[in-house]
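In what follows, a structure is listed as structure tokens, so that the remarks can point back to it.
If you're wondering where the values come from, they're calculated on a predicted model, not measured in any experiment. The chains referred to below are lettered A, B, ... by the order of the sequence lines, with proteins before strands, and numbering in each begins at 1. These values consider heavy atoms only, across backbone and side chains, with no hydrogens, waters or symmetry-generated copies.
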Amino acid sequence: MNNFNNIKRFLGLVAIVASLLVVGTILLRMDHGMVPKLPVRKLPLQVDISLQKFHYTETKQGVKRWDLAAEKAEYNKKKDLTSLATVRLTVAGAAKFGDLVITADRALYHNGTRDVVLSGNVTGVSSKGLRFSASNLSYLASRSLLVSEERVRFSDGGNELEGVGMEFQTQTRRFKLKKDVSAVFRQQEAR
Amino acid sequence: APISGNEPLKVKSDNLTADNEKKTATFEGKVVAHQGELTLYTDRLVVSSAGDGNELSKVEAFGNVRILQGIRQATGGHAVYDPKRGVILLDGNPRVVVGDDVVTGKVITYFINEQRSIVTGGPKERVEAVIHPGGKNVGAKP
């Protein structure tokens, strides 16, 4: 009889240990959580929002005025500025002019005024073949005006123009070079 | 050497205004333009292009126009250059000087690739020519 009691006591002990093991495993798993943690990069102090493949379109009365795209955009709420990298600004022109596409390494987008300050290999190409390049350029959205204080170089077919300081009206495609202008007009056969 | 209208036209100035729609480029302030051996100085120069190939169709100079070409010099208040024909129309007290020889009139048609000009008079500006026979420039007509 004694033996039977020992066996009963032993089995009871095993049951208790097994339950404890199960509870412990459950608790451990809950603590670690099964969902893998996403690697979230810590944002620099002055960046409130960071976006990839940024794209913004400005329209007026349903008509697209311009398009701003960038590989990366970092918004600073305090300054209300967005820093852009690998930038493409497309300004819609009147039908007879077509679009003007401007690319640059970097840009600063002023959210309040919607002005875009582009820098680093700034290049503009119109659908009619007019090309220009500068180191810095600003797009004043409210006046549809491109301005630069730097040397700007134009090429249009065989003709080349350059000068220091520019104002370029994107809607009429009239532009002014303010200083130190030189130009070469090469005759070409009509295409 | 004759200047072909196809030679590049090089221009320098203080500033420039360009109109893509009208295909004009207006240079202002101490304008200097070169094409081949011809040099033109003026206050304001309007270069007009035409056609898809942006061919030079007209070059117009306003104010203190001075044209130098070899031993020939022409001056006037206004000039229109036709690159295709190689001709410059000068007015506004136009004058062409070759050495000591001088011609003046109301309008002077200056042929770039020919050593000749046509001088037209007007009611107030009769044609005048001062030619020094046997001068240094024998054979070279203004």
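Side-chain atoms of A/Phe97 and B/Glu21, non-hydrogen and from C-beta on, do get closer than 4.5 Å to each other. Put simply, the side chain of A/Leu161 reaches to within 4.5 Å of the side chain of B/Leu16, judged on heavy atoms. Taking the side chain as every heavy atom from C-beta outward, A/Phe175 and B/Asn20 approach each other to under 4.5 Å.
Atom NZ of B/Lys10 and atom CD of A/Glu160 lie 10.0 Å apart (nearest 0.5 Å). We find the NZ-CG distance between B/Lys23 and A/Asp156 to be 6.5 Å, quoted to the nearest 0.5 Å.
In this structure, B/Glu128 places its CD atom where only 12 or fewer heavy-atom neighbours from other residues, nucleotides or ligands lie under 6.0 Å away. Dense packing is recorded around NZ of A/Lys178, with more than 12 heavy atoms of other residues, nucleotides or ligands lying under 6.0 Å away. For A/Arg151, the CZ atom is densely surrounded, since the number of other residues' heavy atoms within 6.0 Å is greater than 12. Within 6.0 Å of atom NZ in A/Lys176, more than 12 heavy atoms from other residues, nucleotides or ligands are found, so the atom counts as buried in its surroundings. Heavy-atom contacts from other residues, nucleotides or ligands closer than 6.0 Å to CG of A/Asn111 number more than 12.
With a 4.5 Å cut-off on non-hydrogen atoms, B/Asp19 touches chain A through its backbone and its side chain both. Only the side chain of B/Ala25 comes within less than 4.5 Å of a heavy atom in chain A; its backbone stays farther off. For chain A, no part of B/Val32 is nearby; none of its heavy atoms comes within less than 4.5 Å.
Each of A/Val147 and A/Leu68 belongs to its own hydrophobic cluster when Ile, Leu, Val, Met, Phe, Trp and Tyr are linked at side-chain heavy-atom distances under 4.5 angstrom.
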